[in-house]
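In the text below, chain A, chain B and the rest are named by the order of the sequence lines, each starting its count at 1.
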Amino acid sequence: MDFNALAELLFPEITKTPQDYEKIYPPRGGDGKVTRFAPSPTGFLHIGGLFAALISKRVAMESGGTFYLRIEDTDKKREIDDGVSEIIKGLEAFGVTPDEGVLGFEKESGNYGPYVQSRRREIYQTYAKELVRKGLAYPCFCGADYMESIKAQQEKEKVRTGYYGKWTRCRDLSLEEVKENIASGKSYVLRLRSPGSEENRISFIDGIKGKIEMPENDMDIVVLKSDGIPTYHFAHAVDDHLMGTTDVIRGDEWISSAPIHLQLFELLGFEAPKYSHISPIMKEDGGGKRKLSKRKDPEAAVTFYHEQGYPTNAVTEYLLTLANSNYEEWRRDNPALPNEDFPFSLDKMSVSGALFDLDKFNDVAKNDVTRYSADEIYDFATSWAEQYNIPLYKKLTDNPSYAKAIFAIERGGEKPRKDIAKWSDIEEYSAYFYDFNPTYENMPEIGKENIYALLTEYKKIYSPADENEAWFAKLKELALSMGYAKNPKEYKKNPDSYKGAVSDFATALRVAVTDRRNTPDLCAIMQVLGEKEALSRIDKAIEWSKK
RNA sequence: GGCCCCUUGGUCAAGUGGUCCAAGACUCCGCCCUCUCACGGCGGCAACACGAGUUCGAAUCUCGUAGGGGUCACCA
């Protein structure tokens with residue numbers, strides 16, 4: 001067989017050679033690691049994708065290397081319209097921005113492009129042609145029907161399914177036969193003539209899982225589809241070689257095709273990258289675990305966190321705790337540092353899949369929120385509300401300083417509150433500052449007449465300028481003078497000698513002002529409300545207690 | 001089914017042959033602090049999948065079993 005003739009027959013229009021491309025894309029120099037995120041634009045960005053991208057970026061950052069974004073759009077059937085922009089938007093929202101590659105629609109940076117596979121057709125074909133020339137690839141005219149029939153036969157015989165060994169009908173077609181087939185208009189794919197054998201064992205060192213040993217690939221896998229577009233396997237080898245990727249970090253569903261990839265790199269004369277296969281993020285499902293599914297689980301889509309209003313940084317922090325469990329410890333020791341400063345390490349990655357734990361995530365988010373100032377929270381919350389909660393947006397922007405004052409209550413300091421995990425919590429958290437329609441059903445059980453007396457007396461001593469300590473001292477003094485015990489314990493000891501405890505008084509006042517039993521510091525709340533509003537609320541409660 | 005990966009409390013996990021009658025975090029519970037809640041402090045429940053072997057000694061090494069996951073496309 002004259003492979004050169006076959007190559008020319010198949011790729012007459014390809015005039016470049018691999019050497020030409022090697023010149024155009026010279027090795028990158030420097031010893032930083034080059035990583036990439038290479039999704040296909042088939043849907044929203046998945047949390048697992050974000051996870052892989054985050055890790056890839058950190059690995060590059062850690063070594064002073066480069067992290068780039070490549071779009072694998074070789075399957076036009078599954079592609080969706082906004083796929084690319086969804087991915088870019090998603091990455092950007094969570095701060096996983098690429099240093100190089102695809103930046104937006106028709107927009108990219110870097111010297112190793114194009115970074116969109118559909119624009120690299122000629123490159124793939126050049127390398128495919130070379131493969132044919134070397135006798136390592138051949139056209140295959142077996143259609144879907146034949147593939148199905150051998151699959152059925154193989155299943156019947158209980159042997160491995162696939163195009164290999166004696167099942168390869170087109171492997172040894174003569175040049176004449178190929179010509180005839182093409183002339184008669186038959187479509188074909190280009191297959192690898194795999195030199196491998198199932199008997200041989202190959203192994204590689206995975207950056208996360210360690211040594212992995214598998215049988216060598218002996219399948220004549222498709223390299224170019226009938227439309228001349230490469231399969232993932234082939235595009236992966238060509239692109240990651242040409243783009244100088246040193247470390248491929250991807251989901252562990254790829255482990256099983258690693259032998260194909262290793263073989264491809266070898267046959268093409270490329271140095272294989274270091275592979276690190278990360279386990280998928282799982283979800284609890286009726287006692288068992290399963291991969292987070294884009295279909296069934298809303299929290300699988302990165303947009304979920306956006307819609308709920310989780311701080312984007314909290315998502316990153318949680319993902320980092322899943323990736324490197326020492327992250328939490330580091331965070332505790334360095335509460336003020338940006339998470340970029342954390343020394344990320346691939347070999348601390350867990351080998352098994354972690355369950356996504358919403359409780360834990362909420363805790364991470366709450367802690368994250370405690371680190372923001374009232375102004376920052378205001379900015380985050382308004383931009384979230386503008387998109388997802390217009391009534392809240394209106395409230396917040398009508399009076400920014402009022403809103404900021406609300407967020408400032410008990411913020412900062414030694415004992416930060418952890419009420420807010422996500423911006424959508426703010427509506428409920430701040431409700432009584434805006435709409436006040438009290439039911440008073442939370443009033444303490446001390447009798448309306450006592451509440452009446454308490455509140456009327458309180459008005460006389462209320463001084464809006466009082467700070468917490470003075471404020472409470474006054475309240476306590478008044479309560480004691482009116483026959484209340486200094487604490488619940490005291491009251492319980494002698495319930496008959498008191499009308500209640502100071503805490504009942506505080507609760508009555510709290511309910512009068514907020515209609516809730518549980519709130520942050522009441523003194524601060526009254527200050528934020530202002531003297532007029534506070535007094536009017538107290539009056540309202542007094543009115544109620546008269547009935 | 002073949003091939004491959006995985007297996008420490010409910011969850012995330014530390015642990016690389018003795019320092020482990022197994023750390024820490026989340027959740028839950030109790031107590032303390034306390035004007036409520038929260039925060040914080042103290043304490044509690046709760047785990048090395050199972051079985052053999054190697055070894056003076058195993059969560060840690062080996063083998064087997066079981067369970068979970070992945071993959072077997074002209075999808076990535």
Using a 5.5 Å cut-off between ring centres and planes within 30 degrees, is Phe472(A) stacked on the base of C35(B)? yes
List the atom of Val528(A), the atom of Ala405(A), and the distance in Å for their closest heavy-atom pair. CG2-O, 3.7 Å
Taking the P atom in each of C4(B) and U65(B), what is the distance between them to the nearest angstrom? 13 Å
Which heavy atom of Leu355(A) sits nearest a heavy atom of Tyr318(A), and at what distance? O-OH, 3.8 Å
With heavy atoms under 4.0 Å as the rule, sort Asp73(A) into base, sugar-phosphate or nothing. nothing
Does OP1 or OP2 of C72(B) have a side-chain N or O of Ser257(A) closer than 4.0 Å? no
Readout for nucleotides 38-43 of chain B: B = base within 4.0 Å of protein heavy atom, S = sugar-phosphate only, - = neither; 5' to 3' it is BB----
Look at the rings of Tyr127(A) and His241(A) and say which category their plane angle falls in: under 30° parallel, 30 to 60° tilted, over 60° perpendicular. perpendicular
Can you see if the side chain of Lys225(A) gets near the phosphate of C75(B) - specifically, an N or O under 4.0 Å from OP1 or OP2? yes
Quick one: the side chain of Arg517(A) and the base of C37(B), do they pair up donor-acceptor inside 3.5 Å? no
Would Phe265(A) and His236(A) count as a close aromatic pair, with their ring centres under 6.0 Å? yes
Identify the pairs formed between an N or O of the protein and an N or O of nucleotides 4-8 of chain B at a distance under 3.5 Å, and give each distance.
from	atom 1	to	atom 2	distance (Å)
C4(B)	OP1	Arg201(A)	NH1	3.2
C4(B)	OP1	Arg201(A)	NH2	2.7
C5(B)	O2'	Lys209(A)	NZ	3.0

Arg160(A) to Tyr164(A), cation-pi by 6.0 Å centre distance and 45° axis angle: yes
With a 4.0 Å cut-off on heavy atoms, is Asp206(A) in touch with a base, just the backbone sugar-phosphate, or nothing at all? nothing
Is it the case that Arg331(A) places NZ or CZ above or below the six-membered ring of Phe342(A), under 6.0 angstrom from the centre and within 45 degrees of the axis? no
By the 4.0 Å heavy-atom rule, please label Ser350(A) as base, sugar-phosphate, or nothing. sugar-phosphate
Choose from C74(B), U36(B), A25(B) the nucleotide whose nearest atom is closest to any side-chain atom of Glu328(A). A25(B)
Note: Ala237(A) and Leu264(A) closest approach over all heavy atoms is CB-CB, 4.1 Å
Between Trp167(A) and Tyr146(A) (judged by ring centroids, cut-off 6.0 Å), do the two rings come close enough to count as a pair? no
Which helical stems does RNA chain B take part in, if a stem means at least 3 consecutive Watson-Crick or G-U pairs with both distances below 3.5 Å? B:1-7 with B:66-72, B:10-12 with B:24-26, B:28-32 with B:40-44, B:49-53 with B:61-65
Nearest-Å distance once atom P is located in both U34(B) and U27(B): 24 Å
Where is the tightest heavy-atom contact between Pro343(A) and Asn324(A), given as atom of each residue plus distance? O-OD1, 4.3 Å
Distance, C1' atom - from A46(B) to C5(B), rounded to whole angstrom: 28 Å
Under 6.0 Å between ring centres, would you say that holds for Tyr305(A) and Phe361(A)? yes
For A14(B), does OP1 or OP2 lie under 4.0 Å from any side-chain N or O of Ser325(A)? yes
Distance alone, cut at 3.5 Å: any donor-acceptor contact between the side chains of Ser424(A) and Tyr310(A)? no
Within the 4.0 Å heavy-atom criterion, would you say Arg332(A) contacts the bases, only the backbone, or no part of the nucleic acid? sugar-phosphate
Classify the nucleic acid contact of Ser226(A) as base, sugar-phosphate or nothing, counting any heavy atom under 4.0 Å across all strands shown. base
Evaluate the ring planes of His277(A) and Phe204(A), with Trp represented by its six-membered ring, and classify them as parallel (under 30°), tilted (30 to 60°) or perpendicular (over 60°). perpendicular
